[in-house]
Amino acid sequence: MLLTIKNLSVYYGVIQALKEINFSVDRGEIVALIGANGAGKTTTLHTISGLIDPKEGEILFEGKDIRRVPGHQRVAMGIAQVPEGRRVFADMTVEDNLRMGAYTRKDRTEYADTLDMVFNRFPRLKERRGQLSGTLSGGEQQMLAMGRALMSKPDILLLDEPSMGLSPIMVNEVFDIIRQVHEDGTTVLLVEQNAKKALNIADRAYVLETGSITVTGEAEELLNNDSIRKAYLGE
Ligand SMILES: Nc1ncnc2c1ncn2[C@@H]1O[C@H](COP(=O)(O)OP(=O)(O)O)[C@@H](O)[C@H]1O
Ligand SMILES: [Mg+2]
């Protein structure tokens, strides 16, 4: 497994946000983590990327416990998060935002190659490389946030609600790009409230309910599961 989460518990003060959760992501997979607002999805991603310190449990990346590894080193090791709400640097250009994503990497030619790779994947960002990021549309900002994360050449991309606030057409476009990024060789852990979209693209999925994983299986199985359909697919 590329990433294994074991008995992970996270608290905000006395409130337990994650209750001994276990899950794993194999290299080459798209794994979806679905669940309602407040279930603990963002907390899970923040704990993997090092923004939150768990009270208990292990985060194994390529078999090594990274719980004590600071966040910036986790980026250098191959873990990149695309935050909920994109959080691009609005007063900076598209290219400067992308440059920020490469901060763990020193080599100049390598930087140029990676920038080319990202511009190939996101031609719209190339056209707008000198534009202030705050003036991009929501979908373009999502692409920029993904491109910025890809600048660190991650093994695994942690995506937090990439569809949030986007029009249906833009949602489709963003999901097409996620599929392409995955085909390029990046493993994906996808957090979504849009369960249908997530299950359509994922290999496997976990359902998170108030801090506990309650259901897991092949994405296709979950798409055909009656209680999942009622609770998460609005059917
Ligand atoms: N900084 C925080 N301080 C206190 N409670 C928090 C904080 N962030 C999240 N929570 C709580 O933890 C739970 C999980 O939140 P979150 O991980 O953001 O859920 P999701 O991403 O699934 O919507 C919620 O009950 C939320 O209110
Ligand atoms: Mg969230």
Side-chain angles (χ1 to χ4, degrees), residues 3-25 30-59 61 66-67 70-71 74-75 79-88 138-139 141-146 148-149 154 156-167 170-171 174-175 178 187-202 204-217 219 222-223 225 227-234:
L3 177 71
T4 304
I5 302 301
K6 282 191 184 168
N7 299 320
L8 192 72
S9 288
V10 171
Y11 288 77
Y12 294 109
V14 296
I15 307 288
Q16 188 168 9
L18 295 179
K19 301 166 185 166
E20 298 185 29
I21 66 167
N22 290 279
F23 70 92
S24 59
V25 183
I30 300 183
V31 171
L33 189 61
I34 62 174
N37 192 22
K41 304 182 299 299
T42 296
T43 301
T44 304
L45 293 192
H46 281 173
T47 310
I48 297 168
S49 62
L51 291 169
I52 293 177
D53 196 18
K55 180 144 190 239
E56 274 165 90
E58 289 172 30
I59 307 158
F61 186 66
I66 57 166
R67 214 179 124 177
R74 296 189 202 186
V75 177
I79 300 173
Q81 185 176 0
V82 182
E84 187 176 332
R86 359 256 185 234
R87 295 182 188 254
V88 300
Q141 289 190 15
Q142 183 61 44
M143 290 178 194
L144 178 55
M146 287 171 60
R148 185 178 58 189
I156 187 166
L157 195 60
L158 314 176
L159 289 167
D160 197 347
E161 309 262 14
S163 77
M164 191 189 271
L166 301 183
S167 69
M170 275 322 301
V171 171
V174 164
F175 271 75
I178 296 170
T187 302
V188 175
L189 176 58
L190 171 64
V191 157
E192 265 295 343
Q193 273 190 66
N194 189 335
K196 194 168 212 163
K197 273 281 169 203
L199 292 175
N200 269 315
I201 199 180
R204 293 188 300 116
Y206 295 87
V207 178
L208 197 57
E209 274 178 59
T210 54
S212 300
I213 288 173
T214 52
V215 184
T216 175
L222 267 61
L223 275 171
N225 173 317
S227 57
I228 299 287
R229 292 169 77 101
K230 283 207 184 84
Y232 296 102
L233 305 176

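Remember, it's 1-based here, ligands and their atoms both numbered in the order they're listed.
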So, 4.0 Å and heavy atoms of [X]: is ligand 1 close enough to count as a contact?
X      : result
Asn37  : yes
Gly211 : no
Gly38  : yes

* Asked: Based purely on interatomic distance, does Glu84 place a nitrogen or oxygen under 3.5 Å from a nitrogen or oxygen of ligand 1?
  -> no

* Asked: Could you go step by step and tell me if Ser227 and Asn225 meet the side-chain hydrogen bond (donor to acceptor under 3.5 Å, both in side chains) rule?
  -> CA-CA 6 Å; Ser227 57; Asn225 173 317; 2.9 Å; yes

* Who's the nearest protein heavy-atom neighbour of atom 10 (N) of ligand 1, and how far? -> Tyr12 CE1, 3.3 Å

* Top protein contact for atom 19 (O) of ligand 1, by heavy-atom distance -> Gly40 N, 3.2 Å

* Neighbour count above 12 (heavy atom, 6.0 Å) for Lys196 NZ -> no

* Asked: Checking side-chain contact (heavy atoms from CB on, under 4.5 Å) for the pair Ile59/Leu3: CA distance, chi angles, key distance, verdict?
  -> CA-CA 7 Å; Ile59 307 158; Leu3 177 71; 4.1 Å; yes

Go through ligand 1 atom by atom and flag the ones less than 4.0 Å from a non-hydrogen atom of [X].
X     : value
Thr42 : 17 (O), 18 (O), 20 (P), 21 (O)
Thr43 : 14 (C), 15 (O), 16 (P), 17 (O)
Ala17 : 12 (O)
Ala36 : 22 (O)

* **Minimum-distance N/O/S atom that Glu84 presents toward the Mg ion (ligand 2)** => OE1

* Asked: Among Glu192, His46, Lys41, which one has a heavy atom closest to atom 22 (O) of ligand 1?
  -> Lys41

* **Glu192 side chain reached by Lys41 side chain, heavy atoms, under 4.5 Å** => no

* State, yes or no, whether a side-chain contact exists between Leu208 and Phe23 at a heavy-atom distance under 4.5 Å. => no

* Could you grab the distance from atom CD of Glu161 to atom CD of Gln142, nearest 0.5 Å is fine? => 10.0 Å

* **OG1 on Thr47 to CD1 on Ile52, rounded to 0.5 Å** => 4.5 Å

* Stepwise side-chain contact (heavy atoms from CB on, under 4.5 Å) test for Asn200 and Phe175 -> CA-CA 10 Å; Asn200 269 315; Phe175 271 75; over 6 Å; no

* **Stepwise side-chain contact (heavy atoms from CB on, under 4.5 Å) test for Met146 and Ile178** => CA-CA 9 Å; Met146 287 171 60; Ile178 296 170; 3.8 Å; yes

* Asked: Just wondering, is there an N, O or S atom on Thr42 that's nearer than 2.8 Å to the Mg ion (ligand 2)?
  -> yes

* Does the protein put a heavy atom under 4.0 Å from atom 26 (C) of ligand 1? -> no

